[in-house]
Amino acid sequence: MTTPPAVRPVLPQSADVPEPEVDMRTSLAWAALPNPLATASGCAANGRELSRFFPLSRLGAMVTKSVMLAPRSGRPTPRMAETPSGMLNSIGLQGPGVDAFVQQDLPWLKAQGARTIASIAAGSIDEYAEVAARLALAPPGTVTAVEVNISCPNVEDRGLVFACDPDAAAAAVAAARSATDPSIPVLAKLSPDVTDIVSIARACVGAGADGLTMINTVLGMVIDTTTLRPVLGGVTGGLSGPAIRPVAVRCIWQVHAALPEVPILGVGGVRTGLDALQLILAGASAVSVGTTVFNDPGAPLRVLGELRTALAERGFERMRDAVGYAHSALGAGADRIAPPVPPGPSLRAPSADGAGSGYDETAYDEGR
Amino acid sequence: MTTPPAVRPVLPQSADVPEPEVDMRTSLAWAALPNPLATASGCAANGRELSRFFPLSRLGAMVTKSVMLAPRSGRPTPRMAETPSGMLNSIGLQGPGVDAFVQQDLPWLKAQGARTIASIAAGSIDEYAEVAARLALAPPGTVTAVEVNISCPNVEDRGLVFACDPDAAAAAVAAARSATDPSIPVLAKLSPDVTDIVSIARACVGAGADGLTMINTVLGMVIDTTTLRPVLGGVTGGLSGPAIRPVAVRCIWQVHAALPEVPILGVGGVRTGLDALQLILAGASAVSVGTTVFNDPGAPLRVLGELRTALAERGFERMRDAVGYAHSALGAGADRIAPPVPPGPSLRAPSADGAGSGYDETAYDEGR
Amino acid sequence: MQVRGEALSVRRVGAYYALTLLAPGVAERFRPGHFVALAIGDESSSMLLRRSFSIYRCQERGVYGGTVEIVVSAHGPGTEWLASRRPHDPVDVVGPLGTPFALPREPASCTLVGGGYGSAPLFTLAERLRARGCRVDIVLGAATEERLFGVLEAKRMADSVTVTTDDGSLGTRGRVTDVLPRVMERAGTDAVYACGPMAMLRAVSDVAAGSGVPAQVAVEEAMACGIGVCMTCVLPVVGEDGVTRMVRSCTEGPVFRGDTVRWADVGTVPADCLGAPVAAGGH
Amino acid sequence: MQVRGEALSVRRVGAYYALTLLAPGVAERFRPGHFVALAIGDESSSMLLRRSFSIYRCQERGVYGGTVEIVVSAHGPGTEWLASRRPHDPVDVVGPLGTPFALPREPASCTLVGGGYGSAPLFTLAERLRARGCRVDIVLGAATEERLFGVLEAKRMADSVTVTTDDGSLGTRGRVTDVLPRVMERAGTDAVYACGPMAMLRAVSDVAAGSGVPAQVAVEEAMACGIGVCMTCVLPVVGEDGVTRMVRSCTEGPVFRGDTVRWADVGTVPADCLGAPVAAGGH
Ligand SMILES: Cc1cc2nc3c(=O)[nH]c(=O)nc-3n(C[C@H](O)[C@H](O)[C@H](O)COP(=O)(O)OP(=O)(O)OC[C@H]3O[C@@H](n4cnc5c(N)ncnc54)[C@H](O)[C@@H]3O)c2cc1C
Ligand SMILES: Cc1cc2nc3c(=O)[nH]c(=O)nc-3n(C[C@H](O)[C@H](O)[C@H](O)COP(=O)(O)OP(=O)(O)OC[C@H]3O[C@@H](n4cnc5c(N)ncnc54)[C@H](O)[C@@H]3O)c2cc1C
Ligand SMILES: Cc1cc2nc3c(=O)[nH]c(=O)nc-3n(C[C@H](O)[C@H](O)[C@H](O)COP(=O)(O)O)c2cc1C
Ligand SMILES: Cc1cc2nc3c(=O)[nH]c(=O)nc-3n(C[C@H](O)[C@H](O)[C@H](O)COP(=O)(O)O)c2cc1C
Ligand code: FES
Ligand code: FES
């Protein structure tokens, strides 16, 4: 079969050791990050509340809640429902509007020493351009990258989500890219709720996306068995948390296989350092922790520490060497249909000659 | 807001009471079932092993492992990976081929008194027709319905899955429908991994599907952090179990809203009677229990009992009255953006007149 | 702050469980009206979200260090998990959280209203108020006698205690707001404090407003994070500028002025709310 | 059958835990080589799949009724959960499962080979074999001394016991197959029985085949259900008709004739397997 990896695979459990020496630096396009750990949009608000638990400067990056052009109230409550190993949310992009975000949130984040990835959302192509243009008013060095959330209904196309159509997604990305300072990379955030995520990814990259964030939530729903109607005020909602990790890994794998040069900010179901490692091995250059922050506000730093230990145990000297490693480790033996090989001596010839067996099959009188 | 339901909502916890009187009969198209509980394809093999735990005749229906034209070995192992509240599988439709299935499995199932829903799969339109034609050789009364698994790669279209394209899905369904006895309903089993499940559903119904089974597994992946390569022999696999229940409920909801007359066999993440109730309230006429059987071989009957109790507690006299109930209970208030209403006396006028307050806001010296 | 605490004791009290947690650092920062968010299960639990509980009482210095006591009504998987903790079982604690009750700078007549387990934060509140020379009257209500919490404790610390139960099993048969006007009149109430179900808080706010008395109410909205990062726990509140905003009950609350909450519109987005109306949107 | 059992005791044995379960109805049907599938966690566990364990010993009648004892190597979340059970904790048991070892109809010389915790089922097997007048020689191997299981027990019931450890901490430094040919020669072995890691089973099968002696081996493949319904646990086995099929190790196994397993092709689909080659397929 395939050649074993050069690094040393070890069991996930590890003894307590001092924090190991691994070069954790990474980059998303030309945005250099000191480590690969980020928060996910909408799971850390705009940083103030999370900063009570640890300094935001210790994160590789901080992705802000998606902001639209105007202030937005969001959807009716209930806005959340717990599901097995996950949750549904129906926030509806509540936010202050891009002007207040640029005037109040971004300066505060800069003062904290955070590397801010600003997430933007819109209901039309023009609005994406306008939001990005307003964002560009922030002083240089305030925004590390822009993440374009295209999991939004397009009011110009019967409310269909941009992320579900290659052309609409591309148009939204192109609008944002054009309005954003060329020194700032633009990441397109992709929805998993599509037939072919690779074609959406190609369209976004072709439209100017410098990287991809994958994945946004999976569309889901819970019906309250007490009231006999949907729990969420918005009826359906976005499923996130460990439950969706396999979907995130698969999406990253598929897109990295098709577009190995495109940096990916992996997100979806990361709870532990080994979860983060899976996304990295699949092709992510950095990883966002989302819903898990609700379970453990210190999760981003905990996951970072666990990831560092996991990389060291497996012989990686640099985090970047692990990016996409599983693809090369797998090699050509993807679907392992082996050709016939000579059997070892233990394999009985199909037509047994009866001699030398010392035992007749039928002599066994139980267990068969 | 919306009018409360006529039935009595109660808390999920219930006292132990005798099995209540609820008419549990249901139907999938013209296939009458004594109760709505079925096993899911591939999660009960072809019944023999499960029959060690309870009589198959007590199930509303028994959906068999998808069978193809010729015997099939399946994919390399490992074929499973546990995930948070779910599992990935990569079986590759291992089976005996339709001839052996018709000659050995179907007669045995009939002798057990099972209502068998035979699941078929194929790699081309012609193969769907051929498998269905061979199935039709079974004596009358052997097959209650045919479930067409279209989550199979189409060898004539670069391995793209039939279920992901409306035209390919329709062609597969039409081929199976044409080759199946008119007295036997044909259900199309839909994949959730599509941009618009409603358009796939419409295409299948337009092609002759008498009902729909929703959902098949969600495409996912796990990378082994010890070997640093994908766990599954087939690289990617199907995600199932409680983790995907919200996706199943959402898909059923969307398709029932668009096609309220089309019977749905609901499947995906059902572990309890209340899970089953969610799928029924969303629009399912019957429910399959899949992965949960691995956790609890007696789950189909346990869930049936829990469902009966849950229906009785909520004042349903007939199971069929609950089908799609959440849609009518929700009514027109789907996205509850209310118009302004007169406030109660507690709501302070915006410009406070200062009088009668008895307390000045600034008099509070802590907690704000 | 976040601390890996542990259960010290779980004590049955009527229909509830009083759970004492070792949680160093939380007690020292506590004020009445603060809550804690507790992680449910271990790493293998399918229940990802924390559960929130008003703090009943704290001890900064005990044999074990700082302790936090909460009152749990076990009705779902999370609260039942907590009720089944045994001594020294680990419980991850985040707290104290939220905006607590504001205390008057000068002596005032305060009426405290608690519904069900909602009375939990009112006892420490009463102690703090009395320490400031305030008159304290307490009204406690519940569906039944065993769903009341702290009646005897209230009697030890209040100028008067009035009890109501829906079924009349203890005190006046009826609701807290049936007796509240009379209590407020007798006490010459300057301020009302309340904690309980949303419907009770709305009713208490209306009674207070009817008497021109300010009310501070501790709300209970479904929370995913409890720390202000997720935006799930919002409710419509009128600001100083007269504009209605969807504010977070876990940070701007749980304690709100009763006359700022758009009670009739909880669960909706009022059309005159900042940023409304919202078309079906992203997430 | 499925029974809601309970833990009676968890005992540390070297690197392992011996877990005794009350599981009425399982013990009565047990034969050596059978396994049980245990549910992990309660309803709120994110770990959905059962874990399989060879049955070490059973008691049909005890103070408590039928009991089942297993040997657990705690290395992942499921096995660690089991190792942390306390007396009377519930554990759902499905068993006995699988095809057990076949016993000779007439007295024969039997050599039993166990690797690590894999030796667990061999002690009851030895008892059953001796009851039929068989000579029993036992070879036990492990990485280290503490990863051996049952050395003293083997000495009480076998004609000879040979021990190997990779690190030489006990017995011969090396592997079981280093000593097996000599043991078989001395014992005049008619039949080999083995349970342990797949690599060991392959090697034992090769040694046995080299001596023209039939070997029965208890395999360990990843299982989702343990009861034959899911098709995840397969491995390539040559049938009586000479045709290779992917067969279920939970029903047609875990005990197989060593000379029927396509050891070199485990983890692949041999091109000459019935129904091969498979294009990337459905599920
Ligand atoms: C600020 C605050 C203070 C609270 N104080 C107390 C207290 O002192 N004692 C007490 O017993 N309970 C209190 N609650 C309610 C308690 O948080 C819920 O009863 C509990 O979260 C339910 O969890 P469950 O798993 O048992 O039930 P489930 O119904 O299964 O909960 C599922 C999800 O919904 C959320 N949820 C359900 N009900 C409520 C609710 N009533 N309020 C908020 N979230 C809910 C849970 O957080 C969880 O994520 C308080 C809630 C808040 C917001
Ligand atoms: C027939 C049979 C008999 C066994 N007998 C014993 C025994 O007597 N004592 C003992 O300690 N272990 C035994 N095992 C192995 C035991 O089932 C696994 O170690 C255990 O399932 C691992 O679970 P985990 O959660 O600790 O680890 P994880 O690695 O987290 O397991 C994750 C998943 O992979 C599966 N899995 C992982 N490793 C194995 C493995 N080696 N074999 C089968 N499935 C695996 C698990 O079932 C689970 O679904 C036996 C396995 C089989 C199939
Ligand atoms: C409460 C909540 C709010 C979210 N808000 C946004 C958002 O504003 N923009 C966005 O692109 N994604 C948003 N997401 C999606 C997350 O960024 C992330 O893609 C998703 O939750 C999957 O990651 P996780 O499983 O780690 O949570 C939100 C998720 C949650 C749970
Ligand atoms: C091991 C396994 C094998 C499966 N085999 C099939 C199959 O042959 N045909 C099919 O249509 N679906 C198959 N499925 C999908 C199930 O029928 C079902 O749609 C899915 O598992 C979701 O339901 P669940 O969450 O209850 O398991 C299989 C699922 C599993 C876990
Ligand atoms: S609970 Fe998350 S913001 Fe309030
Ligand atoms: S483990 Fe499911 S068939 Fe063997």
Side-chain angles (χ1 to χ4, degrees), chain B residues 39 42-45 48-50 52-53 65-66 68 70-87 89-97 121 123 149-153 155 159 161 216-217 233-235 237-238 241-243 271-272 291-298, chain D residues 1-4 37-41 43-51 76-78 92 94-95 97 198 221-236 243-251 265-283:
Chain B
T39 56
C43 301
R48 288 176 204 267
E49 296 77 13
L50 199 59
R52 292 181 287 170
F53 295 90
K65 174 74 185 173
S66 296
M68 297 184 85
R72 191 167 167 108
S73 64
R75 291 207 184 96
T77 52
R79 290 184 178 182
M80 68 80 135
E82 191 174 58
T83 66
S85 296
M87 66 172 277
N89 87 78
S90 171
I91 311 299
L93 296 176
Q94 180 171 347
N149 175 9
I150 50 177
S151 293
C152 310
V155 299
V161 167
N216 210 315
T217 53
V235 180
R271 187 170 181 166
T272 66
T291 304
T292 295
V293 169
F294 309 160
N295 175 270
D296 173 11
Chain D
M1 63 177 297
Q2 182 179 6
V3 58
R4 189 177 168 81
L38 308 181
I40 299 299
E43 281 180 340
S44 69
S45 173
S46 67
M47 295 185 279
L48 195 60
L49 301 179
R50 289 176 177 259
R51 305 305 197 256
D92 196 287
V94 170
L97 294 169
M198 295 291 273
E221 280 291 301
M223 293 178 173
C225 77
I227 62 173
V229 297
C230 73
M231 305 303 300
T232 57
C233 65
V234 299
L235 76 180
V243 175
T244 298
R245 296 177 175 80
M246 304 295 279
V247 308
R248 293 166 293 182
S249 66
C250 68
T251 45
D265 301 324
V266 172
T268 76
V269 177
D272 61 342
C273 176
L274 181 71
V278 70
H283 55 280

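The sequence lines fix the lettering, A, B, ..., with proteins before strands; numbering per chain opens at 1.
- Closest of all the heavy-atom pairs between D:G267 and B:P76 is O-CB, 3.3 Å.
- Between atom CE of residue D:M47 and atom OG of residue B:S85 there is a gap of 10.0 Å, rounded to the nearest 0.5 Å.
- The distance from atom CG of D:L48 to atom OG1 of B:T292, rounded to the nearest 0.5 Å, is 5.5 Å.
- Chain D forms more heavy-atom pairs under 4.5 Å with one residue of B:M80, B:Q94, B:E82 than with any other, namely B:E82.
- For chain D, no part of B:R48 is nearby; none of its heavy atoms comes within less than 4.5 Å.
- Neither the backbone nor the side chain of D:R4 comes within contact range of chain B; no heavy atoms are under 4.5 Å apart.
- Residues B:G298 and D:Q2 approach most closely at N-OE1, 3.3 Å, considering heavy atoms.
- At a 4.5 Å heavy-atom cutoff, the contact between D:M1 and chain B is made by backbone atoms alone.
- Looking at B:T39, neither its backbone nor its side chain comes within 4.5 Å of chain D, counting heavy atoms on both sides.
- One distance of note links CG of D:L97 with CD of B:E49; it measures 11.5 Å at 0.5 Å rounding.
- Within residues 229-236 of chain D, the residues that have a heavy atom under 4.5 Å from a heavy atom of chain B are D:V229, D:C230, D:M231, D:T232, D:V234, listed by number.
- In terms of heavy-atom pairs under 4.5 angstrom with chain D, the leader among B:R52, B:M68, B:R271, B:M87 is B:R271.
- Of the charged side-chain nitrogens involved, none lies within less than 4.0 Å of a carboxylate oxygen, so that D:E221 and B:R79 do not count as a salt-bridged pair.
- Interface remark: of the candidates D:A224, D:A222, D:A37, D:A224 forms the most heavy-atom pairs closer than 4.5 Å to chain B.
- Only the backbone of D:S45 comes within contact range of chain B, with at least one heavy atom under 4.5 Å from a heavy atom of that chain.
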